[in-house]
Structure formats: C-alpha cells, structure tokens
Peer 1: 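Dropping the structure in here first, questions after.
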Amino acid sequence: MAVQRTFSIIKPDATKRNLTGAINAKFEAAGLRIVAQKRIHLTKAQAGVFYAVHAERPFYDELCEFMASEPIVVQVLEGEDAIAKNREVMGATNPAEADEGTIRKEFALSIGENSVHGSDAPETAAEEIAYFFSGLELVG
Ligand code: CMP
C-alpha cells in the first residue's frame, strides 16, 4: 500500500474536554504523521457545507449545530494506507460498537458526539483536505 493522506477532525466534544493531545497520541502511535493541523471555530453554515452529503438525514441539523458549538481541530494525517489506518484507530461511528483501544471506544460520548471524523475514501479525503487547507499548509 502506498503512502496516503487523509483528513481528520477532532470534534467539539473532544476539544471541550481537552483531549486533543490524547487523540493525537493515538494517531502517532499508529504510525500516522500529522502533516497539517489547525484549531478553528466553524459557523453552522460552514459545517453544513462540509456535511452536505448528509443534508437529507434526520440528524443533519443537530450535527451542524454540534460541529459549530465549540472549536474543532482539523488535520491532515499521512502514512501507509492512512485512510483505512485512521478509520481503524477511530473505531466504529457508534462508540457502543467500537473496538477496545479505539478513540471512539475510549473518548466518544454518543453516535453524534463521537470525538473524531475521518475521510472514508481517497476522493473524499482530497475534497475534505481542500476545503480546509491550502497546499502551502501541508508540511510532510
Ligand atoms: P462522521 O464520521 O463525522 O460523519 C457523519 C456524522 O454524523 C457521524 O460522524 C456522526 O457523528 C453523525 N451521526 C451519524 N449518525 C447519527 C445519528 N443517528 N445521530 C446523530 N449523529 C449521527
């Protein structure tokens, strides 16, 4: 597998509880390198654009409200098979179904307040990275 980049968000429930460093330690222990990172506070409209693919889902409004409720940390993670590796480290979307040792098992509060987001495919990774970062901000 080649070296890939994936997009990651440390969500409001985690930044609020001061878990940025603990979550980053999990990424780094798994061999993922943080090649870009910044702390930002989204507006609800900006969150809505990011999650537009979920616009028809019943939880969309709640999701956008939550993502704009507190600062988030947006990141680009790089490594061998980074997209799948990150999804493994995050664990299942619903923390009740996440494996032991995963970020969501350890830190997530619920399916909505689930501490992290990670891209699900190379195309979405490229789109999501481009929404938040310029090329100059990616320092491998
Ligand atoms: P994420 O990986 O960021 O992608 C979409 C998000 O929608 C997901 O994580 C969850 O946080 C959220 N989500 C998915 N299902 C539900 C649900 N049933 N109720 C609330 N939020 C949800």
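Note that the coordinates shown come from a computational prediction; the quantities given were computed from them, not determined experimentally. When a ligand or atom number is given, it counts from 1 through the structure's own listing order.
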Peer 1: Can you tell which part of Arg57 has a heavy atom less than 4.0 Å from ligand 1: side chain, backbone, both or neither?
Peer 2: neither

Peer 1: When you measure from atom 9 (O) of ligand 1 to every protein heavy atom, which one gives the shortest distance, and what is it?
Peer 2: Lys11 NZ, 3.2 Å

Peer 1: What part of Glu113, side chain from CB on, backbone N/CA/C/O, both or neither, has a heavy atom under 4.0 Å from ligand 1?
Peer 2: neither

Peer 1: Among all protein heavy atoms, pick out the one at the shortest distance from atom 15 (N) of ligand 1; state its residue, atom name and that distance to 0.1 Å.
Peer 2: Phe59 CE2, 3.4 Å

Peer 1: Could you tell me if the side chain of Val116 sits less than 4.5 Å from the side chain of Ile23, heavy atoms only?
Peer 2: yes

Peer 1: With a heavy-atom distance limit of 4.0 Å, tell me whether Met90 approaches ligand 1 through its side chain, its backbone, both, or neither.
Peer 2: neither

Peer 1: Would Ile72 end up clustered with Phe59 when hydrophobic side chains under 4.5 Å apart are linked, directly or stepwise?
Peer 2: yes

Peer 1: Among all protein heavy atoms, pick the one closest to atom 5 (C) of ligand 1 and tell me residue, atom and distance.
Peer 2: His54 NE2, 3.4 Å

Peer 1: May I ask you to check whether Glu70 and Thr15 show a side-chain donor-acceptor distance below 3.5 Å?
Peer 2: no

Peer 1: Give a yes or no on whether the ring-centroid distance for Tyr60 and Tyr51 is below 6.0 angstrom.
Peer 2: no

Peer 1: Return the closest protein heavy atom for atom 3 (O) of ligand 1 as residue, atom name and distance.
Peer 2: Tyr51 OH, 2.5 Å

Peer 1: In the single-linkage hydrophobic clustering (I, L, V, M, F, W, Y; side-chain heavy atoms under 4.5 Å), do Ile34 and Ile129 co-cluster?
Peer 2: no

Peer 1: Thr93 versus ligand 1: do any nitrogen or oxygen atoms come within less than 3.5 Å of each other?
Peer 2: no

Peer 1: Taking side chain as C-beta onward, heavy atoms only, is Val3 less than 4.5 Å from Glu78?
Peer 2: yes

Peer 1: Less than 6.0 angstrom from the centroid, inside 45 degrees of the normal: does Lys38 satisfy that with respect to the ring of Phe133?
Peer 2: yes

Peer 1: Using a 4.0 Å heavy-atom cut-off, which part of Asn114 comes near ligand 1: side chain, backbone, both, or neither?
Peer 2: side chain

Peer 1: What do you reckon, does Leu63 have a nitrogen or oxygen under 3.5 Å from a nitrogen or oxygen of ligand 1?
Peer 2: no

Peer 1: Considering heavy atoms of the protein only, find what lies nearest to atom 21 (N) of ligand 1 and give residue, atom and distance to 0.1 Å.
Peer 2: Gly112 CA, 3.6 Å

Peer 1: If we only count heavy atoms from C-beta on, is the Phe132 to Val76 side-chain gap below 4.5 Å?
Peer 2: no

Peer 1: Provide the number and element of each atom of ligand 1 under 4.0 Å from a heavy atom of Arg104.
Peer 2: 2 (O)

Peer 1: Given side chains that start at C-beta, do those of Glu28 and Arg33 come closer than 4.5 Å, heavy atoms only?
Peer 2: no

Peer 1: Heavy-atom contact under 4.0 Å between Arg87 and ligand 1?
Peer 2: no

Peer 1: I need the nearest protein heavy-atom contact for atom 2 (O) of ligand 1: residue, atom name and distance, please.
Peer 2: His117 ND1, 3.4 Å

Peer 1: Geometry only, no angles: is Glu62 polar-contacting ligand 1 at N/O separations under 3.5 Å?
Peer 2: no

Peer 1: May I ask you to decide if the ring planes of His117 and Phe50 are parallel, tilted or perpendicular, using 30° and 60° as cut-offs?
Peer 2: perpendicular

Peer 1: Do any N/O atoms on Ile111 end up under 3.5 angstrom from N/O atoms on ligand 1?
Peer 2: yes

